[in-house]
Amino acid sequence: MLYKSTRCGVKNINFKDAVMMGLAPDGGLIVPEFIPRLLPQELAKKDFKSIAFEIYKKYIADIEEKDIFELIEKSYSTFDDCEITPIKHFDDLYVLELFHGPTYAFKDIALQFLGNLFEYILSQNNQTLNILGATSGDTGSAAIYGLKGKRNVKVFILYPNNAISPMQELQMCDIDDDNIFPIAVNGTFDDCQYIIKEIFKDIAFKEKYSLGSINSINFARILAQITYYYYAYTKVNHPIAFSVPTGNFGDIFAGYLAMSMGLPIDRLILATNENDILYRFVNFGVYSKQSVKKTLSPSMDIQIASNFERYIYYLYNQDCQKVKDLMKKFECDGVLEFKEDMEKIHRDFSAYRISDEEILQTIKEFYEKYDYIIDPHTACGVRAAFNEARQCVCLSTAHPAKFVDAIKQAIGKEPDLPDGLSKLSTKKRKFIEDNSVEAIKHFIQQHA
Ligand SMILES: *Cc1c(COP(=O)(O)O)cnc(C)c1O
């Protein structure tokens with residue numbers, strides 16, 4: 001399998017180069033040259049890791065099978081449930097628990113794998129890498145847990161000092177490994193993002209320190225997320241819809257790929273919170289950005305969905321020139337229209353926008369009916385599935401204990417803390433810096 005860019009500027013690169021590249025130099029996203037077929041009949045009775053192996057083999061031609069197998073073993077041995085992504089059944093709904101990794105959110109499924117993959121490729125190529133990222137909470141800790149203790153890679157994660165939840169801060173700082181640098185910036189999340197952008201713009205600096213990023217556009221992250229759609233299907237064993245709490249369109253795009261590979265998915269139900277750009281796209285054929293609102297499901301507080309471009313690429317039959325033109329137009333006007341394509345879009349997707357009030361209501365209803373606590377992100381998906389009134393697998397993207405305040409507001413009590421969260425104790429490694437590009441550059445110079 002070879003890879004190329006959605007904007008025509010890159011083609012015929014292998015998987016390892018695609019992983020190290022992240023974003024393509026033409027600004028496009030990396031996609032496989034074709035979508036391989038994999039029918040679920042070939043996977044009957046296989047466990048999660050074996051299913052992952054069958055999927056990864058189709059997409060990775062330049063890593064030996066025994067090494068792929070080892071990477072999978074290593075990546076999913078950190079999960080606290082032997083099924084990795086266990087599925088629970090409640091009447092017409094299945095809840096697919098994707099939060100059994102070290103940071104209790106679904107991003108672990110991709111980032112545990114990506115961390116091992118980076119280490120593997122770097123040591124083969126005799127390279128080093130310094131990951132630089134900004135987080136408003138969850139992604140940072142998943143990246144840190146994916147890369148802590150790994151050879152040849154250091155991780156610098158910026159976050160706004162005193163502006164993320166204490167639990168999120170503890171998760172990032174209760175780390176002994178000296179390749180991890182959580183940096184509390186005296187400023188806002190926007191300041192953090194601004195600093196990162198400016199540093200990446202300084203090409204000489206970027207090259208000198210081999211800076212890389214770990215955001216959700218890396219194709220390896222998408223690949224790792226195809227696994228649980230297949231896994232869930234083998235448990236349910238008939239065509240079924242999936243409801244997906246969506247922010248950057250990464251998780252649901254993995255579902256779209258699974259469907260395109262031949263998995264009988266009835267329909268993909270896209271659930272947004274009040275940041276509803278994708279809801280408006282699916283229902284009205286307009287993709288236009290608005291300002292970001294703070295909600296009870298903060299990991300979905302996103303306006304520009306960075307993986308959306310991959311879907312556009314397939315919507316237009318892999319026409320990279322068309323994608324390139326469209327994205328240029330979007331950068332210019334901030335709006336794209338898809339009115340002619342509604343029929344095609346509706347064949348695959350329906351979409352619902354869930355308010356904070358509905359999130360609280362859904363958590364409460366589900367708890368009262370089933371004595372089971374869902375987190376605010378999962379609640380968006382569950383609510384969307386209720387609206388759709390059909391049998392559905394709801395992806396549960398975070399453990400409720402990560403969002404204690406919302407749960408308390410919904411049901412009047414706190415969820416039990418899982419071991420890994422209750423054991424977090426003292427802040428061990430935390431670095432405080434000013435919100436200036438120079439301060440962060442200086443920090444990297446000293447520690448890279
Ligand atoms: C990141 C995240 C999402 C959204 O996933 P996307 O791939 O960005 O659409 C949903 N829920 C939680 C808990 C997350 O951390």
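For ligands, and for the atoms within them, numbers begin at 1 and follow the listed sequence.
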Q: Using the side chain to side chain donor-acceptor pair (under 3.5 Å) rule, pick out the option among D276, N275, N273 that qualifies with R353.
A: D276
Q: For the residue pair L395 and T378, establish whether any side-chain heavy-atom pair is separated by less than 4.5 Å.
A: no
Q) Which atoms from ligand 1 have a heavy atom of A398 less than 4.0 Å away? A) 13 (C)
(Q) For a ring-ring contact (aromatic ring centres under 6.0 Å, His included) check, start with the C-alpha distance between F48 and Y231, then their side-chain angles and the critical distance, and finish with the verdict. (A) CA-CA 6 Å; F48 182 94; Y231 181 75; 5.7 Å; yes
Q) For D325, does the CG atom have more than 12 heavy-atom neighbours from other residues, nucleotides or ligands under 6.0 Å away? A) yes
Q.
Between E331 and K328 (salt bridge meaning N to carboxylate O under 4.0 Å), is one present in this structure?
A. no
Q: Using distance alone, decide if ligand 1 has a nitrogen or oxygen within less than 3.5 Å of any nitrogen or oxygen in F249.
A: yes
**Q.** Check: A105 N/O within less than 3.5 Å of ligand 1 N/O
**A.** no
Q: Could you establish whether F106 and ligand 1 come within less than 4.0 Å of each other, counting only heavy atoms on the residue side?
A: yes
Q) F281 and ring-ring contact (aromatic ring centres under 6.0 Å, His included): which partner among F330, F308, F349? A) F308
Q.
Show the atoms of ligand 1 that are less than 4.0 angstrom away from any heavy atom in G250.
A. 6 (P), 7 (O), 9 (O)
Q.
Polar contacts were defined as any N/O atom of the residue lying under 3.5 Å from an N/O atom of the ligand; does this apply to D251 and ligand 1?
A. yes
Q. Any nitrogen or oxygen of H377, main chain or side chain, under 3.5 Å from a nitrogen or oxygen of ligand 1?
A. no
Q) T246 to ligand 1: N or O pair under 3.5 Å? A) no
Q. Which of the numbered atoms in ligand 1 are below 4.0 angstrom from a heavy atom of G247?
A. 4 (C), 6 (P), 8 (O), 9 (O)
Q | Aromatic ring proximity H377/F106, centre distance under 6.0 Å | A | no
Q | Proximal candidate to atom 2 (C) of ligand 1 [heavy atom criterion; set M300, K107, K402] | A | K107
